[in-house]
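To keep things clear, I will list the structure first and then write my remarks on it.
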Amino acid sequence: MRDAPEPKSIEVFLAEVHDQLAAQRSHVESLDAKAGVVLGFSGLLAAVAPDGNALWMDLARGAAIFAGIFALFGLLPRGYAVVDLRAFQRDFLTAQPTTAQLVLFDTQLNVLADTAGVIDHKSRRLRASIAALLVAIIFAYVGPVT
């Protein structure tokens, strides 16, 4: 029985996966920060929009509230996939290093894919929130003109 060749570049790929995971974490944090800014502006616009019978201002307030709600949903804490090191240790503590590295590599690729889905959901909510805030700003601007 012939053994499979030892992967010589696994360290390079593991380093790249590690960099990608760090970039994803940074991206998630930036999305959260942006959602916080949108939430603040939409809350401010909803709070300072003058009351009265102006339909435009009521629409602006409604759009600002909608933007705030989407920003809040974007800020909801989510579970992120991580490597269960205790299970990994038990299963691969006595394995050959290259075998352990390959399994870790595959696991981290799955983590990357799962986190990409979380980022996609957060991004869509943030885009909807920004669009609603833009509509609110337009309505608030148009309101006093007409």
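A distance of 10.5 Å separates CG in N110 from OG1 in T115, rounded to the nearest 0.5 Å. Summarising the geometry, atom CG belonging to L59 is positioned 12.5 Å from atom CD1 belonging to I138; distances are rounded to the nearest 0.5 Å. Atom CD of residue E16 and atom CG of residue L21 lie 10.0 Å apart, to the nearest 0.5 angstrom. Interatomic distance, CD1 of I119 versus CG of L126, reported as 12.5 Å (0.5 Å rounding).
One N or O on the side chain of S42 and one on the backbone of L39 form a donor-acceptor pair closer than 3.5 Å. With S26 contributing its side chain and A22 its backbone, the two residues share no donor-acceptor pair below 3.5 Å.
Both L109 and F13 are part of a single hydrophobic cluster, where members link through side-chain heavy atoms under 4.5 Å apart. Clustering ILVMFWY residues whenever any of their side-chain heavy atoms sit less than 4.5 angstrom apart, transitively, puts L55 in the very cluster that holds F139. V142 is connected to L134 through a chain of hydrophobic side-chain contacts under 4.5 Å among Ile, Leu, Val, Met, Phe, Trp and Tyr, so both are in one cluster. In the hydrophobic clustering of ILVMFWY residues, with side-chain heavy atoms under 4.5 Å counting as a link, L75 and V37 come out apart. Criterion: ILVMFWY side-chain heavy atoms under 4.5 Å apart, direct or through other members. Under it, L45 and V38 are part of a common hydrophobic cluster.
Taking both residues in full, the closest heavy atoms of A60 and A140 are given as CB-N, 3.5 Å, listed atom of the first, atom of the second, then distance. In this structure, A67 and L133 approach most closely via the heavy-atom pair CB-N, 3.5 Å. Closest heavy-atom contact between A49 and R61: O-NH2, 2.7 Å.
Considering only heavy atoms from C-beta on, S129 stays 4.5 Å or farther from K34 through its side chain. In this structure the side chain of H18 never reaches within 4.5 angstrom of the side chain of Q108, judged on heavy atoms. Under the 4.5 Å side-chain criterion, counting only non-hydrogen atoms from C-beta, L14 is not in contact with E11. Looking only at side-chain heavy atoms (C-beta outward), D32 and K122 come within less than 4.5 Å of each other. The shortest distance between side-chain heavy atoms of R127 and R124 falls below 4.5 Å.
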Could you walk me through whether V28 and R25 satisfy the side chain to side chain contact (heavy atoms under 4.5 Å, CB included) test, starting with their C-alpha distance in whole Å, then the side-chain angles of each, then the deciding distance to 0.1 Å, before giving a yes or no? CA-CA 5 Å; V28 167; R25 281 191 296 274; 5.8 Å; no
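When only modelled atom types and interatomic distance are considered, Q24 and Q20 share no side-chain donor-acceptor pair under 3.5 Å.
Under the ring pair (Phe, Tyr, Trp, His ring centres under 6.0 Å) criterion, F66 pairs with F70, not counting sequence neighbours.
Under a cut-off of 6.0 angstrom, the local environment of CD in Q96 is sparse, with at most 12 non-hydrogen atoms contributed by other residues, nucleotides or ligands. The neighbour count for F73 CZ, taken as heavy atoms of other residues, nucleotides or ligands under 6.0 Å away, does not exceed 12.
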